[in-house]
Amino acid sequence: MKKTPLHQTFSQFADDALMFNGQPVPLGGMSVSHFLKHYWHKKPLIIRQAIPQFQAFYTPDDALAALQDENTETRLIVQTQTDWSMKNGPMRKKDIPPRKQKGWTALVQSVDLHDAAGHALINLFRFIPDARLDDLMVSFATDGGGVGAHYDSYDVFLLQAHGKRHWRIGAEQDLTLKPNMPLKILQNFNPTEDFILEPGDMLYLPPHYAHDGVAVGDCMTYSIGFRAPTYREISVALLNFVEDNIELAGVYADPKLKPQTTPAALPADMVDDMYEKLKKMRWDKTWVAECLGCYLSEPKDAAHFEPPAKSTLTAFKKSALKKGLVLAQGTKMLYHAPWVFINGEHFVADGKDAQRLHELANQRNSTADWPSDADIWPAAFEWYQLGWLNLDA
Ligand code: SIN
Ligand code: CO
């Protein structure tokens, strides 16, 4: 895949662009706090030239190759005069419509995991917590292509990367979906705004805001999507977590047992006793944070980690100090004192070690100028061997 150097991709921001955490803010001069206060979860925002003169780094050919790749999550959506069809990848070349055929779309998920510029792009949105970021989805559509009028359950930034897209969006919609469709399409879409986005323009949509984007000629749109765990999925994760951490001693006993004429009946005393014992089980906020950190730092299935050539702790320390360390693109690292979470694993860190790891998680890199006897070296070496942490280039 062709790579565009990152400095070329995002150097178009003016020198005086608003900065946040050392990164330019892609909100067209709006501050992050203004955006969060007035738009996030509330109303859509069209940002003209959010990334000025943006140049697509992921091309239509990349999207077509991804449709055929078994390690990439993709979908092909084809619209005819009367119908829609949707097929999941991977697929054979002959199953992909010709480029000159109108009205089809290729969707490629998690481009940030495999493409350095994609990773850099999603990182511009780290004014939102990592725990809420989902992925970068790229769509390629031929003229007239789109995925139909629909709503998404999560917030999304839709960056126009190549060509034009005609958007129609609508507030306060009837969210009923058309029955028996291969994809979610609104039955009664009433757009209230209508506009065209060009390369570098971006649309922010809050959850459940109805929208329909149709390609005007060949078109690529990059969606920076967010995730929000459902309370149900976290409760299931917490119950699994509790299973491994239960400290409830003792065995049921019935010293006052009476002769039984109905031996099949579940003894009422047994139910009462169990209820009283189980009532004593409590989880507290620290368990919730511990479980949430493990769950949300699980890497995506599509994340690929490349272990380095064999090394030793001593050689690793020497190279890390010289070159610095950088988290692999697919690595998820979060923290909530006293824990540090990395790719679903967690451990307790305190003092200076905690500080060093928090810095690594926030910056996704480190100069690794840690004392040679710092306790985190063996852990960092383990992550290096797993391909979770790399020497900086
Ligand atoms: C697209 O990129 O084709 C559509 C994305 C969306 O409407 O959410
Ligand atoms: Co959408």
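Both ligands and their constituent atoms are indexed starting at 1 by order of listing.
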Name the orientation class of the two ring planes belonging to Phe241 and Trp287 (parallel below 30°, tilted from 30 to 60°, perpendicular beyond 60°).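 The rings of Phe241 and Trp287 stand perpendicular, inter-plane angle above 60°.
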
Does any donor atom in the side chain of [X] or [Y] lie under 3.5 Å from an acceptor atom in the other side chain?
X      : Y      : result
Asp61  : Thr59  : no
His166 : Asp194 : yes
Gln160 : Asp201 : no
Asp155 : His41  : yes

So which N/O/S atom does Asp152 have closest to the Co ion (ligand 2)?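 Nearest N/O/S atom: OD2.
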
Could you check which N/O/S atom of His211 is closest to the Co ion (ligand 2)?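 The Co ion (ligand 2) is closest to the His211 atom NE2, counting only N, O or S.
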
Lys184 charged N/C atom sitting above Tyr151 aromatic ring, 6.0 Å / 45°: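 Because its charged atom sits under 6.0 Å from the ring centre and within 45° of the axis, Lys184 does stack over Tyr151.
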
Can you confirm if the NZ or CZ of Lys43 lies within 45° of the ring axis of Tyr39 and under 6.0 Å from the centre of its six-membered ring?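 Yes, Lys43 lies over the aromatic ring of Tyr39.
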
Give me the residue, atom name and distance of the protein heavy atom closest to [atom].
atom                   : answer
atom 7 (O) of ligand 1 : His150 CE1, 3.0 Å
atom 4 (C) of ligand 1 : Val147 CG2, 3.9 Å
atom 2 (O) of ligand 1 : Ser139 OG, 2.7 Å
atom 5 (C) of ligand 1 : Leu158 CD2, 3.7 Å

Going by heavy atoms, is Asp152 under 4.0 Å from ligand 1?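 Yes.
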
Can you find a non-hydrogen atom of Phe140 under 4.0 Å from ligand 1?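 Judged by the 4.0 Å heavy-atom criterion, Phe140 does not count as contacting ligand 1.
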
At under 4.0 Å between heavy atoms, is it the side chain or the backbone of Trp167 that contacts ligand 1, or both, or neither?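 Just the side chain.
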
I need the contact type for Arg165 against ligand 1. Using non-hydrogen atoms and a strict under-4.0 Å cut-off, is it side chain, backbone, both or neither?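 Just the side chain.
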
Counting the benzene-type ring for Trp, do Phe157 and Phe125 have ring centres under 6.0 Å apart?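 Centroid distance Phe157-Phe125: below 6.0 Å, so yes.
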
Any N/O pair Ser223/ligand 1 closer than 3.5 Å: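 No; every N/O pair is 3.5 Å or more apart.
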
